[in-house]
Amino acid sequence: MISLRQIRSFVAVYEEGSFTSAAKREGATQSGISQHLKQLESELGAALLERNGRDVEPTLAGKLYYRECVGVLRKLEAAQQSVAVNHIRGAIRVGLMPTFTRSVLAPALDKFLISAPGSEISVIEAYSGVLTEMILKGELDFAVVPAFEGITGISHRLLARDREMLVSAKRGKNTLKPVKLSELGPLKVVLPGHQNTRRRNIETYFSVNGVAVAQRLELDAMMGTLQFVAVSDWVAILPFVMMASDIDGGRFDVRPLEDPPFYSEFVLIEPARKVMSPAAALFADILRMEAEKSRLVFEERAGRQQQLTRRCAVRSGRSR
């Protein structure tokens, strides 16, 4: 008879690609994990994994069985939560990029702690590569990262789609005036490191749209980036959700990229084998609503800016 321990061992080896890593994740010995796999394959009468030295590759049967096993584990966890939780409470761990911690986190936390007063929450700020690795290890309930191709062991869904902005030191009344980067002089741009998904997306936009870059400064420190941009002639490309609280301030010009517009998508990722707890699901939903609120603010304020620009153009035409 197939046991839950055997299923968990198989899923761990499949996702980790290694018996050693799977044993560490499950708090078991490597020989114990191997024994569970042998018993499982014997019960099924099919090889699930091919072992080539230290490398482990799933067979076709293994790929099909993995999908079923992940579904079983998620249903089991959901059943446990349905009988163990009478109201939203518990401890959750969430991973967010600086994009979300700067403007969205504070109001989201305020709403969450009012709605779930019995819950404890830990928020870890890091970039996408670190957060993805923590999700794979099961160290976070969920994380929010830029959209990517996908990784075995992780499920993801769209959380927000946001407009990208040219952020520079305040020089006048340019905030929310659309800008075409190819028409600007060669830019001095602060960029995230190559391990950050956003770097690839930004570089692709530059290349495809003929954006001239004079200098690149790689800086994986978001607060440091903003401090530097505010006192220099360097610029950064950042999503509106991060800069929403600055549009009425005196430090930055925040201008949407135009011709063509540039969008970024952010996804919520979680371990494929787990079901999000009610507390984690509530906080994820609050984050989504705060991001949506930011998008609506942009549309409303950008619309006003466009109307003002058109009026100025009409007045200028009349005065000639």
Side-chain angles (χ1 to χ4, degrees), residues 70-71 73-128 130-147 153-163 222-223 238-249 263-301:
V70 168
L73 293 177
R74 288 178 65 87
K75 287 178 181 177
L76 177 62
E77 189 161 336
Q80 291 172 335
Q81 291 179 7
S82 68
V83 298
V85 180
N86 294 320
H87 59 277
I88 296 174
R89 63 181 180 183
I92 63 173
R93 285 173 58 83
V94 175
L96 297 176
M97 302 168 12
T99 299
F100 278 77
T101 58
R102 187 166 188 261
S103 294
V104 172
L105 179 59
L109 278 175
D110 185 52
K111 290 181 175 63
F112 174 75
L113 293 173
I114 291 173
S115 301
S119 292
E120 297 178 6
I121 182 169
S122 298
V123 179
I124 293 84
E125 181 183 82
Y127 288 99
S128 55
V130 174
L131 296 178
T132 301
E133 187 64 27
M134 293 180 75
I135 289 290
L136 281 170
K137 293 178 180 178
E139 296 174 351
L140 299 173
D141 290 275
F142 72 84
V144 177
V145 299
I154 290 180
S155 63
H156 55 89
R157 63 180 184 270
L158 182 66
L159 183 84
R161 188 170 189 260
D162 198 25
R163 187 76 174 266
M222 191 54 67
M223 295 304 105
L238 299 169
F240 181 79
V241 69
M242 181 173 183
M243 303 303 300
S245 60
D246 292 276
I247 57 176
D248 293 318
Y263 293 90
S264 283
E265 292 185 340
F266 298 94
V267 295
L268 183 149
I269 60 174
E270 58 182 312
R273 64 191 180 276
K274 292 187 176 181
V275 172
M276 205 180 289
S277 70
L282 173 63
F283 189 60
D285 194 47
I286 291 173
L287 280 175
R288 181 190 59 76
M289 289 189 292
E290 289 299 320
E292 175 66 9
K293 187 183 297 183
S294 171
R295 185 187 68 81
L296 294 175
V297 167
F298 168 73
E299 290 185 352
E300 191 269 333
R301 294 292 296 273

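Both backbone and side-chain heavy atoms feed into the values below; hydrogens, waters and symmetry mates do not.
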Between Ser277 and Ile92, is the side-chain contact (heavy atoms from CB on, under 4.5 Å) condition met? List the steps. CA-CA 8 Å; Ser277 70; Ile92 63 173; 3.8 Å; yes
Nearest-0.5 Å distance, CD of residue Glu290 to CG of residue Leu109: 10.0 Å
Measuring only between side-chain heavy atoms, which start at C-beta, is Glu133 closer than 4.5 Å to Lys137? yes
Should the pair Arg163 and Phe240 be classed as cation-pi, given the thresholds of under 6.0 Å to the six-membered ring centre and 45° from the axis? no
Minimal heavy-atom distance between Thr99 and Pro239, with the atoms involved, is CG2-CG, 3.4 Å
Pairing of Arg295 and Glu299 as salt bridge, 4.0 angstrom limit: yes
Are any non-hydrogen side-chain atoms of Asp248 and Arg301 less than 4.5 angstrom apart? yes
Rounded to the nearest 0.5 Å, the CD1 atom of Ile286 sits from the OG atom of Ser115 at a distance of 5.0 Å
Testing the basics here: between Ser103 and Ser245, what is the closest heavy-atom pair and its distance to 0.1 Å? OG-OG, 3.5 Å
Quick one: salt bridge (Lys or Arg N to Asp or Glu O under 4.0 Å) partners of Asp110, sequence neighbours excluded? none
Scanning both residues in full, the closest heavy-atom pair of Val104 with Ala291 reads CG1-N, 4.5 Å
Output yes when Arg102 and Asp246 qualify as a salt bridge under the 4.0 Å nitrogen-oxygen rule, no when they do not. yes
Heavy atoms of Leu287 and Ala108 approach each other most closely as CD2-CB, 3.8 Å
Side-chain donor/acceptor of Asp141 to backbone N/O of Arg93, under 3.5 Å: yes
Within the distance-only criterion (no hydrogens, no angle test), does the side chain of Arg74 pair as donor or acceptor with the backbone N or O of Lys274 below 3.5 angstrom? yes
Between the side chain of Ser264 and the main-chain N/O of Asp162, is any donor-acceptor distance below 3.5 Å? no
Name of the residue among Tyr127, Phe142, Phe266 meeting ring-ring contact (aromatic ring centres under 6.0 Å, His included) with Phe100: Phe266
Distance in Å, Arg157 CZ paired with Arg288 CZ, rounded so as to fall on 0.5 Å steps: 9.5 Å
Value rounded to 0.5 Å, distance of CE in Met243 from CG in Leu238: 6.0 Å
Can you tell me how far the CD1 atom of Ile269 sits from the CG atom of Leu131, to the nearest 0.5 Å? 6.5 Å
In short, Ala143 meets Ile135 closest at the heavy-atom pair N-CD1, 3.8 Å
Do Met222 and Met242 have side chains that approach each other closer than 4.5 Å (heavy atoms only, starting at C-beta)? yes
For Leu268 versus Leu159, what's the shortest heavy-atom pair and its separation? N-CB, 4.2 Å
